[in-house]
Amino acid sequence: MSALDRALTIDDLKQMARRRVPKQFFDYVDSGAYTEGTYKANEEDFKKITFRQRVAVNLEDRNLSSTLLGQPVAMPIAIAPVGSTGMTDADGEIKAARAAEKFGIPFTLSTMAICSIEDVAENTTKPFWFQLYVMRDRPFIERLIDRAKAAKCSALVLTMDLQILGQRHKDIRNGLTAPPRMTPRFVAEMMAKPGWAFRMLGTRRRTFRNIHGHVDSATNLSSLTEWTRTQFDLTLNWKDIAWIKQRFGGPVIVKGILDAEDARLAVENGADAIVVSNHGGRQLDGAPSSIRVLPEIVDAVGDKTEVLMDGGIRSGQDLLKALALGARGALVGRIMAFGLGAGGEAGVLRALDIVRRETDTTMALMGERDIRNIGPHNIYSNDLVKRQGY
Ligand SMILES: Cc1cc2nc3c(=O)[nH]c(=O)nc-3n(C[C@H](O)[C@H](O)[C@H](O)COP(=O)(O)O)c2cc1C
């Protein structure tokens with residue numbers, strides 16, 4: 001039995017990733033802003049929700065497949081955009097995109113990815129989603145949207161909760177950069193993690209390739225870092241959805257919604273779907289968990305748009321709780337990153353398979369055969385959720 005096969009939970013994969021990935025890149029994934037309060041709440045609040053157990057139901061022919069934005073999916077999840085995935089493992093975005101394709105779910109490529117839109121398109125056969133950060137350099141952003149369109153990306157995920165960067169103490173303490181600086185400490189790390197180092201030496205993809213070579217003023221690493229730091233557009237607003245949507249010509253999913261009023265504004269301004277998200281607890285520390293605000297956002301716009309959510313999903317049970325509270329589907333960030341760190345493409349597939357099995361068994365024990373029927377009737381009522389501290 002391989003080490004990956006012995007991993008039974010996402011936490012097992014996380015521990016494997018911790019052993020295989022250099023500390024600065026493992027910590028980059030396993031971190032939240034400031035006190036990490038929101039990062040922790042994202043996971044903890046799932047535990048406050050309890051399932052209704054129903055028995056004596058015919059459980060033959062169970063179904064986990066569904067649709068997201070009209071596209072068939074093997075399970076109602078998508079891989080969330082995770083910047084610098086190619087530092088967790090060499091060519092990480094390509095590996096994760098391939099795993100998503102094999103599994104039958106969408107993969108989202110971050111603007112701040114190591115592998116470029118073109119790299120992923122050349123190494124996959126199905127359309128993926130592209131996540132857009134709006135930057136001050138408008139001509140660059142227009143070209144980026146055009147590149148996503150040319151690569152036949154099937155949706156644009158417009159992230160609106162990162163006009164300025166939340167502070168993650170671990171990254172500052174670790175002196176995080178991509179590619180890493182060859183300090184004595186980092187060289188010692190590479191010797192302790194030779195598999196990672198060996199694979200990284202075998203690829204030329206070690207910097208932000210959506211940007212590098214596409215911006216005149218960001219030709220080397222230090223100018224690229226400086227360009228990126230000063231580029232996030234502080235004036236981003238609801239009206240921007242319209243021109244982005246028009247330029248892309250396909251569906252735009254607005255990500256980073258944590259408030260019912262913002263959800264209404266996103267829909268009024270043309271969002272084709274929204275992602276209830278606090279960026280995995282990496283931006284506004286002290287904001288509520290995503291699962292906590294999901295019900296009120298579904299109440300506000302659930303009949304007008306598809307409401308997806310992300311933040312804190314670590315198991316099939318968590319996914320089912322999100323669906324029970326009205327999400328159409330969920331994005332998973334760290335599940336993918338831990339799987340990738342634990343074992344590359346096979347590790348991401350293992351992570352997805354763990355979630356699939358947990359979802360199937362849990363759904364059956366709840367007395368359900370079809371994931372599309374999961375709803376509020378599967379958990380103790382929202383009143384109970386409230387009494388449990390929501
Ligand atoms: C290491 C890391 C990098 C991320 N980078 C991005 C990014 O580039 N763009 C973006 O929209 N969200 C980014 N996110 C947020 C994720 O898309 C997603 O909202 C979050 O990971 C969901 O929480 P989960 O990790 O608990 O599943 C990042 C998250 C992590 C953990």
Side-chain angles (χ1 to χ4, degrees), residues 10-11 13-14 17 21 24-33 36 38-46 77-89 92-93 96 106-115 117 129-135 144 155-163 165-166 168 170-171 174 176 178 208-211 228 231-232 236 252-258 274-284 287 289-291 294 308-316 318-319 321-322 327 329-341 348 351-352 355:
I10 297 302
D11 197 55
L13 293 172
K14 177 176 176 179
V21 178
Q24 61 169 287
F25 297 118
F26 179 84
D27 282 354
Y28 166 68
V29 171
D30 187 26
S31 58
E36 303 197 332
T38 298
Y39 177 33
K40 289 174 198 143
N42 274 350
E43 293 181 14
E44 290 299 315
D45 282 355
F46 275 107
I77 53 175
I79 306 278
V82 171
S84 300
T85 292
M87 286 289 135
T88 299
D89 196 29
E93 289 88 359
F107 168 80
T108 315
L109 183 74
S110 166
T111 293
M112 299 310 295
I114 301 295
C115 301
I117 298 175
W129 296 353
F130 180 68
Q131 176 264 327
L132 184 73
Y133 280 133
V134 178
M135 296 180 169
L144 197 59
L156 208 59
V157 177
L158 173 62
T159 299
M160 298 198 70
D161 62 0
L162 200 140
Q163 282 165 277
L165 197 64
R168 302 141 204 171
K170 286 177 192 156
D171 293 349
N174 289 331
L176 177 81
F208 301 109
R209 286 166 62 90
N210 283 327
I211 301 170
T228 310
Q231 271 294 322
F232 290 102
L236 176 70
V252 171
I253 305 169
V254 173
K255 175 171 180 282
I257 301 293
L258 212 57
I274 60 167
V275 185
V276 175
S277 174
N278 50 37
H279 217 100
R282 299 165 72 80
Q283 287 293 96
L284 178 61
S289 66
S290 306
I291 192 70
L294 175 66
L308 312 178
M309 71 82 71
D310 72 24
I313 294 186
R314 301 289 179 269
S315 66
D318 294 342
L319 171 64
K321 288 172 182 176
L331 273 59
V332 292
R334 292 184 181 84
I335 283 181
M336 175 279 290
F338 294 148
L340 182 71
V348 179
L352 295 172
V355 176

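Both ligands and their constituent atoms are indexed starting at 1 by order of listing. For this chain, numbers begin at 1 and follow the sequence in order.
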Arg334 neighbourhood, listing ligand 1 atoms whose heavy-atom distance to it stays under 4.0 Å: 23 (O), 24 (P), 25 (O), 26 (O), 27 (O), 31 (C)

query: Are any of the N/O atoms in Gly312 less than 3.5 Å from those in ligand 1?
result: yes

- line: Output for pair (Phe338 CZ, Ile10 CD1), nearest 0.5 Å, gives 9.0 Å

task: Go through the steps to decide whether Gln131 and Thr108 satisfy the test side-chain hydrogen bond (donor to acceptor under 3.5 Å, both in side chains), and finish with yes or no.
output: CA-CA 6 Å; Gln131 176 264 327; Thr108 315; over 6 Å; no

task: For atom 29 (C) of ligand 1, grab the closest protein heavy atom and report residue, atom and distance to one decimal in Å.
output: Arg282 CD, 3.5 Å

field: Arg334 side chain vs Val29 backbone, donor-acceptor pair below 3.5 Å
entry: yes

statement: With Leu158 as partner, the option from Ile274, Val134, Ile253 fulfilling side-chain contact (heavy atoms from CB on, under 4.5 Å) is Val134

- prompt: Looking at ligand 1, does any of its N/O atoms fall within less than 3.5 Å of an N/O of Ser110?
  reply: yes

Pro81: which of Leu331, Val275, Leu109, Thr111 passes side-chain contact (heavy atoms from CB on, under 4.5 Å): Leu331

query: Just heavy atoms, cut-off under 4.0 Å: does His279 contact ligand 1 by side chain, backbone, both, or neither?
result: both

query: In the protein, what heavy atom is nearest to atom 12 (N) of ligand 1, and what distance, to one decimal place, separates them?
result: Lys255 NZ, 2.9 Å

Interfacing atoms of ligand 1 (cut-off 4.0 Å, heavy-atom, Ser277): 19 (O)

- request: Could you tell me whether some N/O pair between Gly83 and ligand 1 is separated by less than 3.5 angstrom?
  value: yes

message: Using a 3.5 Å distance criterion without hydrogens, assess whether the side chain of Arg282 forms a donor-acceptor pair with backbone atoms of Ser31.
response: yes

message: If we only consider heavy atoms of Asn42, is any one of them less than 4.0 Å away from an atom in ligand 1?
response: no

- prompt: Can you list the atoms of ligand 1 that are under 4.0 Å from a heavy atom of Ala80?
  reply: 16 (C), 17 (O), 18 (C)

query: Can you tell me the protein heavy atom closest to atom 16 (C) of ligand 1 and the distance?
result: Pro81 O, 3.3 Å

task: Show which atoms of ligand 1 fall inside a sub-4.0 Å distance from at least one heavy-atom site of Gly311.
output: 22 (C), 23 (O), 26 (O)

field: Val82-ligand 1 polar pair, N/O distance under 3.5 Å
entry: no

- prompt: Mind checking whether Tyr133 and His279 have parallel, tilted or perpendicular rings, split at 30° and 60°?
  reply: parallel

message: Checking the side chain of Asn42 only, and the main-chain atoms of Ser290 only, is there a donor and an acceptor separated by less than 3.5 Å?
response: yes

- request: Could you tell me whether Tyr28 approaches ligand 1 through its side chain, its backbone, both or neither, with non-hydrogen atoms closer than 4.0 Å?
  value: both

- prompt: Has the side chain of Asn278 got a donor or acceptor atom that lies under 3.5 Å from a matching backbone atom of Gly281?
  reply: yes

- prompt: Using a heavy-atom cut-off of under 4.0 Å, does the side chain or the backbone of Glu43 touch ligand 1, or both, or neither?
  reply: neither

query: Quick one: does Arg314 get a heavy atom under 4.0 Å from ligand 1?
result: yes

- line: atom 11 (O) of ligand 1 has as its nearest protein heavy atom Thr159 OG1, 2.7 Å

task: Could you tell me whether a side-chain N or O of Glu36 sits under 3.5 Å from a main-chain N or O of Gly32, the two making a donor and an acceptor?
output: yes

- prompt: Does the Thr38 side chain pair with the main chain of Ala287, one donor and one acceptor, at a distance under 3.5 Å?
  reply: yes

- request: Answer yes or no: does an N/O atom from Asp310 fall short of 3.5 Å to an N/O atom of ligand 1?
  value: yes

task: Would you please determine whether Tyr133 falls within less than 4.0 Å of ligand 1 on a heavy-atom basis?
output: yes

field: Closest approach of any protein heavy atom to atom 21 (O) of ligand 1, naming residue and atom
entry: Gly333 CA, 3.7 Å

- request: Kindly say whether Asp27 contributes a backbone atom to a donor-acceptor pair with the side chain of Lys170 at under 3.5 angstrom?
  value: no

